[in-house]
Novice: 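Handing you this structure, nothing more for now.
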Amino acid sequence: MTLRKPFTAIIGAGQVGATTAQRILEKGISDVVLFDVVEGMPQGKALDLMEAAPLEGHDRRILGTNRYEDIRGAEIVVVTAGLPRKPGMSREDLLSLNAKIIRDVCQNVKNQAPESKLIIVTNPLDIMTYLAFRVTGFPSERVFGMAGVLDTARMRYFIAENLEVVPKEVEAVVLGGHGDLMVPVSSHSKVKGKLVSGLIGAPDLAKIEQRTRDGGAEIVALLKTGSAFYAPASSVAAMVEAILKDQKKILPVCAYLRGAYGLKELYFGVPAQLGARGVEKVIELALGEEENKALLRSADKVKQGIEEIERLVLTGTNP
Ligand code: TXD
């Protein structure tokens with residue numbers, strides 16, 4: 001099958017990877033290569049998705065594969081490969097297992113698609129994005145992570161639910177690392193241009209912020225096995241579209257910081273302009289004192305993770 005450029009490669013054809021492929025195809029954004037190490041699985045999902053094309057009415061193509069050579073020429077590579085945490089497994093165990101996977105994937109991406117933009121999805125997100133940056137040696141504007149689009153979508157939905165308005169009319173801001181310490185910023189969240197702080201009382205707003213922080217865990221608890229994938233897939237597709245259409249859209253992105261927000265040499269969730277070159281600009285928002293403090297707490301946690309990854313995976317290596 002011949003794919004038309006520019007196309008998107010997705011590494012990891014699990015829940016998030018396959019659903020992202022579906023979104024990208026059915027929205028007509030680009031052709032897709034779906035890669036996984038499990039034999040037959042990406043091919044089966046790709047065939048199933050192609051068989052939906054007559055009904056969905058799109059003319060996009062998807063190739064399922066176990067060969068890295070097939071990602072050659074990809075404009076964007078989305079990495080969803082990884083393992084979920086199993087009972088009894090420590091955070092450090094998961095970190096080093098997923099780090100091994102990300103390292104292997106990124107070495108292959110570096111060899112086969114050296115000009116691509118890389119969107120990391122695998123958890124722990126900020127740390128895996130940093131690792132991808134170190135292993136590929138790509139310029140930081142071409143390596144970034146997806147988390148903020150999802151976290152803000154959750155917050156937007158919770159605000160919309162509270163006010164009984166259409167979710168897409170709500171704007172929200174969530175900054176920081178993709179974890180318990182993320183910082184929902186109500187002071188910059190709006191509905192049709194009006195600040196939510198004037199529309200929702202403080203106690204309800206505090207609940208919405210906490211539900212946003214716990215958004216991933218809430219779904220995990222309901223599903224029992226696996227984690228969220230519909231909204232994560234929509235989030236990745238929005239980022240892919242912004243890049244391929246050079247939309248210059250401002251989206252929350254896990255981006256490399258060089259001084260913005262007083263932080264440097266780490267990957268962290270901030271609003272950024274996404275266009276054909278990748279992360280084209282990091283946007284700095286004016287924050288209140290409490291918001292700033294919360295952001296620094298989140299940054300400290302991400303820095304600890306980066307130190308851990310340097311110690312566990314990168315020390316003594318010359319990627
Ligand atoms: O906001 C976010 N960033 C996230 C992150 C939102 C949702 C999910 N998030 C994380 O994405 C989640 O914690 C996981 O680390 C990844 C993927 O989640 P998903 O739910 O898609 O996991 P699956 O269904 O287990 O799929 C993972 C696939 C599976 O098919 C494996 O066979 C494959 O990854 N896998 C690999 N593919 C390629 N190469 C290697 N080495 C490999 N190892 C496993």
Side-chain angles (χ1 to χ4, degrees), residues 9-23 33-46 64-68 70-71 77-86 89 91 93-109 111-113 118-132 135 144-155 174 176-180 182 212-220 223-240 251-255 267-269 302 305:
I10 300 175
I11 313 296
Q15 301 273 63
V16 177
T19 313
T20 300
Q22 179 188 2
R23 297 265 197 259
V33 175
L34 186 61
F35 173 97
D36 204 288
V37 286
V38 179
E39 279 178 32
M41 189 265 268
Q43 292 86 343
K45 290 191 178 180
T65 184
N66 307 117
R67 298 172 353 128
Y68 268 108
D70 290 324
I71 74 165
V77 180
V78 176
V79 180
T80 73
L83 301 174
R85 189 155 143 183
K86 302 222 171 71
M89 197 188 264
R91 230 192 100 259
D93 292 342
L94 180 74
L95 188 80
S96 65
L97 280 174
N98 276 354
K100 282 201 187 96
I101 293 175
I102 293 300
R103 214 176 131 156
D104 166 62
V105 168
C106 288
Q107 264 149 3
N108 282 292
V109 172
N111 292 338
Q112 304 294 344
L118 203 48
I119 305 180
I120 306 298
V121 181
T122 306
N123 273 327
L125 193 269
D126 312 86
I127 318 300
M128 292 302 125
T129 310
Y130 174 85
L131 178 61
V135 172
F144 38 97
M146 186 292 288
V149 178
L150 173 64
D151 298 326
T152 50
R154 286 179 172 149
M155 188 168 175
V174 180
H178 183 58
D180 303 345
M182 72 174 78
T212 302
R213 283 186 208 102
D214 297 338
E218 185 178 2
I219 305 242
V220 168
L223 293 180
K224 311 279 191 302
T225 57
S227 54
F229 55 99
Y230 292 116
S234 299
S235 308
V236 178
M239 292 174 74
V240 168
L251 293 173
V253 176
C254 176
Y267 271 89
F268 206 50
V302 173

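Counting starts at 1 for both ligands and their atoms, in listed order. Numbers here are sequence positions counted from 1.
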Novice: Indicate, as side chain, backbone, both or neither, the part of A81 found under 4.0 angstrom from ligand 1 when only non-hydrogen atoms are considered.
Specialist: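 It is both parts that get close, each with some atom under 4.0 Å.
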
Novice: Counting heavy atoms only, which part of H178 comes closer than 4.0 Å to ligand 1: side chain, backbone, both or neither?
Specialist: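 Side chain only.
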
Novice: Judged by modelled atom types alone, do Q112 and D70 share a side-chain donor-acceptor pair under 3.5 Å?
Specialist: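 The criterion, which ignores hydrogens and geometry beyond distance, is not satisfied for D70 and Q112.
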
Novice: Within a strict 4.5 Å, meaning less than it, do heavy atoms of the F144 and I120 side chains meet?
Specialist: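 Answer no - side chains too far apart.
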
Novice: Is atom 1 (O) of ligand 1 in close reach of the protein, with a heavy atom under 4.0 Å away?
Specialist: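 True for atom 1 (O) of ligand 1.
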
Novice: Can you list the atoms of ligand 1 that are under 4.0 Å from a heavy atom of L125?
Specialist: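 That gives atoms 3 (N) of ligand 1.
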
Novice: Just let me know how V38 lines up against ligand 1, side chain, backbone, both or neither, with a heavy-atom cut-off below 4.0 Å.
Specialist: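 V38 to ligand 1: side-chain contact only, backbone stays beyond 4.0 Å.
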
Novice: Is the backbone N or O of A231 less than 3.5 Å from a side-chain atom of R154, with the two atoms forming a donor-acceptor pair by type?
Specialist: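 No, R154 side chain to A231 backbone: no donor-acceptor pair under 3.5 Å.
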
Novice: Distance-only, no hydrogens or angles: does the D180 side chain make a donor-acceptor pair with backbone N or O of R213 under 3.5 Å?
Specialist: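 No: the side chain of D180 does not pair with the backbone of R213.
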
Novice: Would you mind running through ligand 1 and noting each atom that sits below 4.0 Å from a heavy atom of P232?
Specialist: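 In order of numbering, the contacting atoms are 6 (C), 7 (C).
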
Novice: Answer yes or no: is there a side-chain heavy-atom contact under 4.5 Å between V77 and I11?
Specialist: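 They are in contact (side-chain heavy atoms under 4.5 Å apart), so the answer is yes.
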
Novice: What residue and atom, counting heavy atoms only, is the protein's closest point to atom 39 (N) of ligand 1, and at what distance?
Specialist: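 Of the protein heavy atoms, V37 CG1, 3.5 Å lies nearest.
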
Novice: If we set the cut-off at 4.0 Å for heavy atoms, which region of L150 has an atom near ligand 1: side chain, backbone, both, or neither?
Specialist: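 The answer is the side chain.
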
Novice: Classify the contact between N123 and ligand 1 as side chain, backbone, both or neither, using a heavy-atom distance cut-off of under 4.0 Å.
Specialist: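 Both backbone and side chain.
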
Novice: Quick check for you: to the nearest 0.5 Å, what is the distance between I71 atom CD1 and I10 atom CD1?
Specialist: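 Rounded to the nearest 0.5 Å, the CD1-CD1 separation comes out at 12.0 Å.
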
Novice: Examine the proximity of ligand 1 to S235 and report which part, side chain or backbone, both or neither, has a heavy atom under 4.0 Å away.
Specialist: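 For S235, no heavy atom sits under 4.0 Å from ligand 1.
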
Novice: Geometry only, no angles: is M146 polar-contacting ligand 1 at N/O separations under 3.5 Å?
Specialist: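 By distance alone, the answer is yes.
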
Novice: Give me the residue, atom name and distance of the protein heavy atom closest to atom 21 (O) of ligand 1.
Specialist: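 Of the protein heavy atoms, V16 N, 2.8 Å lies nearest.
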
Novice: Is ligand 1 under 4.0 Å from a heavy atom in the side chain of F35, in the backbone, in both, or in neither?
Specialist: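 The answer is the side chain of F35.
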
Novice: What is the nearest protein non-hydrogen atom to atom 43 (N) of ligand 1, stated with its residue, atom name and distance?
Specialist: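 The closest heavy atom on the protein side is I101 CD1, 3.7 Å.
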
Novice: By the definition side-chain hydrogen bond (donor to acceptor under 3.5 Å, both in side chains), identify the one residue from T129, D126, D151 that meets it with H178.
Specialist: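 One option only clears the test, and that one is D151.
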
Novice: With M239 as reference, evaluate I119, T20, V121 under the side-chain contact (heavy atoms from CB on, under 4.5 Å) test and give the passing residue.
Specialist: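 Testing each of I119, T20, V121 against M239, the sole residue satisfying side-chain contact (heavy atoms from CB on, under 4.5 Å) is I119.
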
Novice: Among all protein heavy atoms in this structure, tell me which lies nearest to atom 17 (C) of ligand 1, with the distance rounded to 0.1 Å.
Specialist: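 Answer for atom 17 (C) of ligand 1: T80 O, 3.1 Å.
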
Novice: Okay, side chain of K45, backbone of A13: is any donor-acceptor separation there less than 3.5 Å?
Specialist: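 Yes; at least one donor-acceptor contact below 3.5 Å.
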
Novice: So, 4.0 Å and heavy atoms of M41: is ligand 1 close enough to count as a contact?
Specialist: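 Judged by the 4.0 Å heavy-atom criterion, M41 does count as contacting ligand 1.
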
Novice: Please state which option from K100, R154, Q15 has its nearest heavy atom closest to atom 23 (P) of ligand 1.
Specialist: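 When every heavy atom of K100, R154, Q15 is considered, Q15 comes closest to atom 23 (P) of ligand 1.
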
Novice: Starting from atom 5 (C) of ligand 1, what is the nearest protein heavy atom, named by residue and atom, and what distance separates them?
Specialist: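 Atom 5 (C) of ligand 1 sits closest to the protein heavy atom V121 O, 3.0 Å.
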
Novice: Can you find a heavy atom in the side chain of Q43 that is under 4.5 Å from one in the side chain of N66?
Specialist: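 SC-SC contact between Q43 and N66 confirmed.
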
Novice: Looking at A228, which atoms of ligand 1 are within less than 4.0 Å of one of its heavy atoms?
Specialist: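 Matching atoms, with element in brackets: 7 (C).
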
Novice: Does the side chain of L118 come within less than 4.5 Å of V79's, by heavy atoms?
Specialist: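 A side-chain contact exists here, since the closest heavy-atom pair is under 4.5 Å.
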
